[in-house]
Asker: 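This is the structure, below, for whatever I ask next.
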Amino acid sequence: MVKISVLQHAPSVHLPARPGDPTPTTRNLDPLMHPFARARERNRALNAAKMDKLFAKPFVGALEGHIDAVEVLCKKPGSLSAVASGSWDGGVILHNVSERKHIRRIQGAHKGKVSGLCFAQDDRLLSCGVDSKIKLWDASPQDDITEQRPLNEYPGKSAFNSIDHHRSDPLFATASNIVQIWDETKSAAISNLTFPTSTETITSVRFNLSETSVLGSIGSDRTFTLYDIRTGKAERRIVMQMSSNALAWSPTFPTNVLLASEDHNLYTFDVRQLKTPTHIYKGHVAAVMSCDWSPTGLEFVSGGWDRTVRIWKEGQGTRPEVYHTKRMQRVSSSIFTADARFVLTGSDDGNVRIWKAKASEKLGIITARERAAIEYRDTLKDKWKHDNEVGRIQRNRHLPKPVYQAAKLKRTMLDTRAVKEERRRKHTRAGESKPNAERKKVVITEQT
């Protein structure tokens, strides 16, 4: 006789419910049983888009201390909170952003405005000004925050407009009437870089973040120039329709460079193909004075003469986030923090302002349930962004009245120009006048 053993399952163990746990429910996932699921989801996406606008409070605070316009900002590599600012009053201040207090305060660092700042290795800071001097400062936290003696001083022959430090070597580059390469251990420039036919004033200079021997500069004669410090000469140069005020290398794509132009636009170029920009970013109604990439390389910030700060998505040339206040004047400098969560701007009113990179982001501790709800709402907004109502709310931007009126006038002028070109084309012989793409009008010529 065969014996059959019956397997018995252990009785299920029911864990006690914790406070705050949702009540367990069973759902029938058959879509025929939920005919209004899509309508409910769309309503949730609409509410999520509205909540983003309702809770959008981008301004965090201001860092005071300067008595004149803030000309330049720079962040310390490898630090989340250390930021330096230079002003037209000749003063330099090192800020602790997280605690909103001063680390060091250097009054009268330069005679005249401070035109350039950058951090060197070993907690040191380089500054340059229109007094034709470069100074090296100790940037480490000390009890006496008003210590004003530089570690070293490098005299120049003309006013300096910009400075940038090499990523790993004790070298730094300056911009004046020429680009010069300096060694921290020597009192004079070790190399002069210039284009053979160039006579312009260099307004900004930046080392490439990946290919550290490559250097980019912009000049007052509407040029953008690439240099190689290994060969000691300029490699390529383009002449644009309007001059640029700032440049920034992408942290994730070494060949991409961002230019802030006088024609109210921003341009991204691939240095392997400089004849046309890869993207044009339109939104400002006055000259763009500063720009900086987020550490993620997915977005960047710009500040302009129109008294607004704009945060752009990489590859999306319109509809940026717009930040403004009633008291903020012309924005001359703007940078992202190292964690990509905040933006710092310096303006003519002498304040360094802190903004959220995402206007509706909650600051402080976020629980797991809150994080799940935030991610769910973001997913809904992305899924329903093509819906008319949801898309309209997401695209809406509040602008100050002067900026709105200037944007409206600018749009009218551009439309009138387009109509004029179309009429001229209609009244010329067929084939003589062909329309040009907007990107092909930016660069006039390329020189090697």
Side-chain angles (χ1 to χ4, degrees), residues 161-162 164 167 173 175 179 193-195 197-198 200-229 231 233-284 287-304 310-318 320 333-336 436-448:
N161 298 317
S162 180
D164 194 34
R167 190 165 187 176
V179 174
L193 306 179
T194 183
F195 203 79
T197 59
S198 174
E200 87 280 13
T201 299
I202 308 297
T203 55
S204 183
V205 62
R206 289 290 180 270
F207 277 103
N208 190 296
L209 300 178
S210 179
E211 191 65 41
T212 52
S213 60
V214 175
L215 195 66
S217 74
I218 51 176
S220 59
D221 61 348
R222 304 170 296 163
T223 59
F224 166 69
T225 312
L226 287 174
Y227 307 89
D228 192 332
I229 62 175
T231 61
K233 63 179 182 179
E235 300 295 334
R236 300 167 67 190
R237 184 172 78 159
I238 58 171
V239 181
M240 304 174 65
Q241 291 283 356
M242 299 283 282
S243 61
S244 300
N245 295 316
L247 81 155
W249 291 97
S250 172
T252 53
F253 296 96
T255 58
N256 285 7
V257 63
L258 174 68
L259 301 182
S261 178
E262 280 281 339
D263 63 0
H264 311 176
N265 299 332
L266 294 107
Y267 302 95
T268 51
F269 284 89
D270 190 325
V271 295
R272 297 169 295 184
Q273 181 66 30
L274 287 173
K275 291 183 179 179
T276 57
T278 54
H279 286 96
I280 302 177
Y281 299 86
K282 299 182 177 182
H284 283 281
V288 188
M289 302 304 297
S290 63
C291 60
D292 186 47
W293 284 94
S294 164
T296 62
L298 300 177
E299 53 188 359
F300 57 87
V301 62
S302 65
R310 308 197 183 215
I311 298 180
W312 309 77
K313 298 292 183 183
E314 198 275 333
Q316 299 179 15
T318 57
S333 55
S334 55
I335 59 171
F336 258 96
N436 286 330
E438 193 72 18
R439 291 192 299 174
K440 295 184 178 180
K441 300 177 182 178
V442 177
V443 177
I444 298 176
T445 183
E446 180 180 3
Q447 302 170 347
T448 55

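Bear in mind that the values here come from a model prediction, so they are computed numbers and not experimental data. Positions are given from 1 along the sequence.
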Asker: Listed by chain and number, what are the salt bridge (charged side-chain N to carboxylate O under 4.0 Å, His left out) partners of E235, not counting sequence neighbours?
Answerer: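 Per chain and number, E235 pairs via salt bridge (charged side-chain N to carboxylate O under 4.0 Å, His left out) with no residue.
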
Asker: With E314, which residues qualify under salt bridge (charged side-chain N to carboxylate O under 4.0 Å, His left out), at least two apart?
Answerer: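 Expected list: none.
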
Asker: Do you know the tightest heavy-atom contact between K313 and Y281?
Answerer: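 Taking K313 first and Y281 second, the nearest heavy atoms are O-CE2, 3.7 Å.
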
Asker: Taking all heavy atoms of A287 and all of H264, pick out the closest pair and write down the distance.
Answerer: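 For A287 versus H264, the nearest heavy atoms are N-CD2, 3.6 Å.
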
Asker: Could I get the full list of side-chain hydrogen bond (donor to acceptor under 3.5 Å, both in side chains) partners for W312, not counting sequence neighbours?
Answerer: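 Applying side-chain hydrogen bond (donor to acceptor under 3.5 Å, both in side chains) to W312 gives S302.
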
Asker: With S210, which residues qualify under side-chain hydrogen bond (donor to acceptor under 3.5 Å, both in side chains), at least two apart?
Answerer: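 S210 satisfies side-chain hydrogen bond (donor to acceptor under 3.5 Å, both in side chains) with no residue once adjacent residues are dropped.
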
Asker: Can you tell me how far OG of S217 sits from CG of L247, rounded to the nearest 0.5 angstrom?
Answerer: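 One finds 8.0 Å between CG of L247 and OG of S217.
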
Asker: Would you please say whether a donor-acceptor pair under 3.5 Å links the side chains of T268 and T278?
Answerer: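 Distance-only check passes for T268 and T278.
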
Asker: Closest approach of G283 and R310, non-hydrogen atoms and distance?
Answerer: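 Smallest interatomic distance, heavy atoms only, reads O-NH1, 3.0 Å.
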
Asker: Do the side chains of R237 and E446 get close enough for a salt bridge, i.e. N-O under 4.0 angstrom?
Answerer: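 Between E446 and R237 there is no salt bridge, as every charged N stays at least 4.0 Å from the carboxylate O atoms.
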
Asker: Let's go through F300 and L258 carefully: what are the C-alpha distance in whole Å and the side-chain angles of both, what is the deciding distance for side-chain contact (heavy atoms from CB on, under 4.5 Å) to 0.1 Å, and is it a yes or a no?
Answerer: CA-CA 9 Å; F300 57 87; L258 174 68; 3.5 Å; yes

Asker: Could I get the full list of side chain to side chain contact (heavy atoms under 4.5 Å, CB included) partners for S294, not counting sequence neighbours?
Answerer: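 Listed in chain order: T296, E299, F336, A340.
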
Asker: Between S220 and T201, is there a donor-acceptor pair closer than 3.5 Å when you use the side chain of the first and the backbone of the second?
Answerer: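 Yes, because the side chain of S220 sits within donor-acceptor range (under 3.5 Å) of the backbone of T201.
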
Asker: Which residue pairs satisfy the ring-ring contact (aromatic ring centres under 6.0 Å, His included) criterion with at least one member in residues 201-229, sequence neighbours excluded?
Answerer: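 Output for this query lists H166-F207.
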
Asker: Rounded to the nearest 0.5 Å, what separates atom CG in D221 from atom OG1 in T203?
Answerer: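 It is 9.5 Å, given to the nearest 0.5 Å.
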
Asker: Between N208 (side chain) and W249 (backbone), is there a donor-acceptor pair under 3.5 Å?
Answerer: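 Not at all, since once roles are kept as given, no pair shorter than 3.5 Å links the two residues.
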
Asker: How close do L209 and S250 get, counting heavy atoms only, and between which atoms?
Answerer: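 Heavy-atom minimum between the residues: CD1-O, 4.2 Å.
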
Asker: For K275, enumerate each residue passing the salt bridge (charged side-chain N to carboxylate O under 4.0 Å, His left out) test, keeping only those at least two apart in sequence or located in another chain.
Answerer: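 Partners of K275 under the salt bridge (charged side-chain N to carboxylate O under 4.0 Å, His left out) test: none.
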
Asker: Between OG1 of T225 and CG of L193, what distance do you get to the nearest 0.5 Å?
Answerer: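 So the OG1 of T225 and the CG of L193 are separated by 10.5 Å.
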
Asker: Taking only residues two or more places apart in sequence, or in another chain, which ones meet S261 in a side-chain hydrogen bond (donor to acceptor under 3.5 Å, both in side chains)?
Answerer: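 Only D263 meet the side-chain hydrogen bond (donor to acceptor under 3.5 Å, both in side chains) criterion with S261.
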
Asker: Just jot down the salt bridge (charged side-chain N to carboxylate O under 4.0 Å, His left out) partners of R439, sequence neighbours excluded, or say none.
Answerer: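 Once residues adjacent in sequence are excluded, R439 has no partner under the salt bridge (charged side-chain N to carboxylate O under 4.0 Å, His left out) criterion.
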
Asker: Using 0.5 Å steps for rounding, measure from the CZ atom of R206 to the CD1 atom of I218.
Answerer: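 It is 8.5 Å, given to the nearest 0.5 Å.
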
Asker: Mind listing the closest non-hydrogen atom pair of I202 and N161 along with its distance?
Answerer: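 Distance-wise, the nearest heavy atoms are O-ND2, 2.8 Å.
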
Asker: Look only at the side chain of R236 and the backbone of Q447, and say whether a donor-acceptor pair between them is shorter than 3.5 Å.
Answerer: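 Not confirmed, R236 side chain does not pair with Q447 backbone.
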
Asker: Is the backbone N or O of K441 less than 3.5 Å from a side-chain atom of Q241, with the two atoms forming a donor-acceptor pair by type?
Answerer: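 A pair under 3.5 Å: yes.
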
Asker: Sequence neighbours left out, what passes side chain to side chain contact (heavy atoms under 4.5 Å, CB included) with A260? Give chain and number order.
Answerer: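 Residues passing side chain to side chain contact (heavy atoms under 4.5 Å, CB included) with A260: A246, L266, V288, C291.
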
Asker: Looking at residues at least two apart in the chain, or sitting in another chain, which of them share a side-chain hydrogen bond (donor to acceptor under 3.5 Å, both in side chains) with R222?
Answerer: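 With sequence neighbours excluded, R222 shows a side-chain hydrogen bond (donor to acceptor under 3.5 Å, both in side chains) to no residue whatsoever.
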
Asker: Atom OH of Y267 and atom OG1 of T276: how far apart are they, to the nearest 0.5 Å?
Answerer: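 Between Y267 OH and T276 OG1, I get 12.5 Å after rounding to 0.5 Å.
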
Asker: Rounded to the nearest 0.5 Å, how far does CG of L259 lie from OG of S244?
Answerer: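 Answer for the OG-CG pair, S244 versus L259, is 4.5 Å.
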
Asker: S213: what forms a side chain to side chain contact (heavy atoms under 4.5 Å, CB included) with it, not counting sequence neighbours?
Answerer: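 Side chain to side chain contact (heavy atoms under 4.5 Å, CB included) list for S213, sorted by chain: E211, D228, I229, R230.
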
